[in-house]
Amino acid sequence: MAFATPLALALLLLSLPLVVMYLLRPRPDRVVVSSNFLWRNIAQDLEANAPWQKLRRNIFLLLQLLILTLLVLAMARPMWKTNAYINGDVVLILDTSTSMAARDVNPHRLQAAISRIEALAKSLPEGSSAALVTAGPQPSVVVGPTTDTGEIIRAARNTSLAYGENNLSDAFLLAKSIASRMRNPTVVLFTDGAYNAQSLPDMPYPVRIERVAGDGSNSGIVAMATRHSSSGVQLWISIANYGPQRTVDVSILVDGDLYDSRKIALPSDRSMGIEINDVPVGKVIEARLSPGDDLPEDDRAWTLRDPLPPMKVLLYGRESPFLQRALSLYPNVDLYKSSSKEVPAGYDLYVFNGSLPDKLPLTGNLVLMGTPGNELFGVAGQLDSLQITAQEDHPLLRYVDLTTVSIASARRMLLPDWTTPLAYSGDVPVMAVGDNAGRRVLALAFPPEDSDMPLQVSFPILVSNILDYMRPANLSNLNQSLPQGAVVPLGQDERSVRAPDGELYPVSTGVFAETYQPGVYEVLDKEGNVLRRFVVNAGSRVESNIGANASLEPIGDSAATSEQRVSANTRVRWRPLAFIALAVLFLEWVLYVSRHMPRRRRIA
């Protein structure tokens, strides 16, 4: 141990005059008395108060010497070396995503990360500032820059799991903004490793990684979907196993009643799909996995499939038996056909196949298949003999593989900025979607008959996805499955939301964002009636893979893991010494008062 101001130790010499004060007691006053009969010990008292008598044991002298020593040591500012790797200010990023709930460390990964934050905060150099940022689905600054490490520790202890996938990109932007106002900052990320370094913004400051994870394995429900059929509901479940081969029990419940149960052998580190037919229509369909594992949050999933109100669909243009049959097979669809130059209004969805009327309708969603140029987008010639080579991840293409589709001829579409290409032939977009003037528009560069798409096994699934995606909001099954942390817009009459744990959240802003608990949510009106439901599921291919990034990918040129301690810090501790000195001073005062306070004599 060393001292920051060692010259202050010279003040210990003040102990000498303090001792001398106890040797040089003041001489007693002379008083003339008539007799010394009652003063038999007067000689002894005079001897005790002689100027240079032997120093006797005195509790007050010992306490005062202790107080002086403690104060001088505090003024000397004792310091010692620590093995922390922060030499200046620090921004702490705490991952609060679903995978941080894994129980492969005790009690779970988030608590282990909080304990590390406490240890780091206590080892920061004297005067260093720290800030705390949480990296859940919606990152936030929990504590801004402060030199009060106790505030950082208290905030970390009060942090709970946000669930959903972490949004490290936005969390790093927040950290970057905070670090720009700090002195010699370092960014420290506490995570279990579920991140993609390529998607993170450039960080001009040192970034260090504290990996908080064990050797756990997990299997979970990562996707769940339903489709109406004439006999009921077809349920499709995707289960991912991130670990050794294991056997699980899959149970299906409809409105709380067990409908189906089966044993499934899950191969090692692979996913597999399960299809269950003729599931009866009910309000809540739930899937469960057992036995449990290191991440129980993704062992349950829900979907809601109430009967949908009918949707009016107008099919316009070229005859297409395949397209017509696929549209007519979909339940809750009233299909109409037209080929006149003017199309009537009042339809929920217009499907234009190969040709257009003189004027597009002003209302309703649109599907344009191989149509000529129009007021929404232009066409620059025609292309022959194409093969779809790539497709994007989008709800319209869920469980659909277009890369096996061959196209005889297609139009080269000139897409506006409000569209998003979904499929390509080389660098030529052949499918795009977008929102225009409050309605959805899907553009396909070719009619289905000019390709082998109708012959593909996934063609009915594509039509089903299109009808689900294009269904107007007033007719849609709002009992949708959402990721954790999603923001749910609410209507004017929707006044509150009941969470899966039963807690009621009043809503006055028109949106509901407390979607962190997995389960079924109910949207209520002001009288408490249930207007609709939606579900939130925890499973995802990112968060369910709790063993991801066992060896963390560095972030930036200056990245280091927790094993790379780069330097020793100097810690200065003077406040505890000062507080102890004050406590001893208070003790001395109590002893003095107890000894010199006049006592009242009891009169019999």
Side-chain angles (χ1 to χ4, degrees), residues 84-97 100 110 113-114 116-118 120-212 483-487 509 511 513-514 516 542 549 552-562 564 566 569:
Y85 50 79
I86 304 300
N87 289 318
D89 298 339
V90 61
V91 181
L92 308 172
I93 302 178
L94 176 58
D95 186 352
T96 58
S97 59
M100 293 293 285
L110 180 65
I114 292 173
R116 293 196 188 183
I117 287 178
E118 292 185 29
L120 177 58
K122 292 177 181 178
S123 67
L124 288 176
E126 188 75 15
S128 292
S129 293
L132 179 62
V133 177
T134 56
Q138 300 176 11
S140 63
V141 179
V142 180
V143 179
T146 177
T147 56
D148 185 0
T149 57
E151 183 179 1
I152 296 292
I153 293 174
R154 289 189 296 271
R157 289 175 178 173
N158 292 330
T159 301
S160 58
L161 286 162
Y163 294 104
E165 296 184 11
N166 61 40
N167 186 352
L168 282 183
S169 179
D170 288 352
F172 267 67
L173 289 176
L174 290 175
K176 183 178 179 180
S177 175
I178 296 173
S180 65
R181 306 188 299 271
M182 285 182 162
R183 172 184 55 84
N184 189 24
T186 300
V187 177
V188 183
L189 170 62
F190 295 83
T191 180
D192 56 3
Y195 73 88
N196 179 9
Q198 303 298 327
S199 64
L200 300 179
D202 293 333
M203 184 67 68
Y205 310 106
V207 178
R208 307 200 179 276
I209 306 167
E210 286 275 356
R211 185 174 186 267
V212 185
Q484 291 171 305
V487 177
T509 59
V511 295
E514 301 295 326
Y516 298 118
V542 174
N549 287 351
L552 287 179
E553 185 176 356
I555 303 175
D557 296 336
S558 57
T561 62
S562 58
Q564 295 172 286
V566 296
N569 282 328

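Counting begins at 1 with the first residue of the sequence. Since we're looking at a predicted model, the values are computed, not measured.
The nearest pair of heavy atoms linking Pro145 to Ala131 is N-CB, 3.9 Å. Nearest approach of Glu210 to Arg116, heavy atoms of both residues: OE1-NH1, 2.8 Å. Among all heavy-atom pairs drawn from Pro206 and Pro185, the shortest one is CD-O, 3.4 Å. Heavy atoms only, all atoms of each residue included: Met203 and Val187 are closest at SD-CG2, 4.3 Å.
Within the 3.5 Å criterion, the main-chain N or O of Ser129 finds a donor-acceptor partner in the side chain of Asp89. Of the possible donor and acceptor atoms, one in the side chain of Ser128 sits under 3.5 Å from a partner among the backbone N and O of Gly88.
Partners of Glu118 by side chain to side chain donor-acceptor pair (under 3.5 Å), not counting sequence neighbours, listed by chain and number: Arg157. Applying the side-chain contact (heavy atoms from CB on, under 4.5 Å) rule to Ala156 yields the partners Ile114, Ile117, Leu132; only residues at least two apart in sequence or on another chain are considered. Not counting sequence neighbours, Asn184 has no partner by the side chain to side chain donor-acceptor pair (under 3.5 Å) test. For Thr134, the side chain to side chain donor-acceptor pair (under 3.5 Å) criterion is met by Ser140, not counting sequence neighbours. For Asp148, the side-chain contact (heavy atoms from CB on, under 4.5 Å) partners are Thr146, Glu151, Arg154, not counting sequence neighbours.
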CA sep, side-chain torsions, deciding dist, call: Phe190, Arg208, side-chain contact (heavy atoms from CB on, under 4.5 Å):
CA-CA 9 Å; Phe190 295 83; Arg208 307 200 179 276; over 6 Å; no

Walk me through it: do Leu189 and Leu168 pass the test side-chain contact (heavy atoms from CB on, under 4.5 Å)?
CA-CA 9 Å; Leu189 170 62; Leu168 282 183; 3.8 Å; yes

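The CG atom of Asp95 sits 11.0 Å away from the CD atom of Glu165 when rounded to the nearest 0.5 Å. Between the CG atom in Leu161 and the CE atom in Met100 there is a gap of 7.5 Å [rounded to 0.5 Å]. Ile153 CD1 to Asn158 CG: the interatomic distance, rounded to the nearest 0.5 Å, is 12.0 Å.
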Side chains of residues 171-181: which donor-acceptor partners sit under 3.5 Å, not counting sequence neighbours?
| unit_1 | atom_1 | unit_2 | atom_2 | d |
| --- | --- | --- | --- | --- |
| Lys176 | NZ | Asp202 | O | 3.4 |
| Ser180 | OG | Ser177 | O | 2.6 |
| Arg181 | NH1 | Ser177 | O | 3.3 |

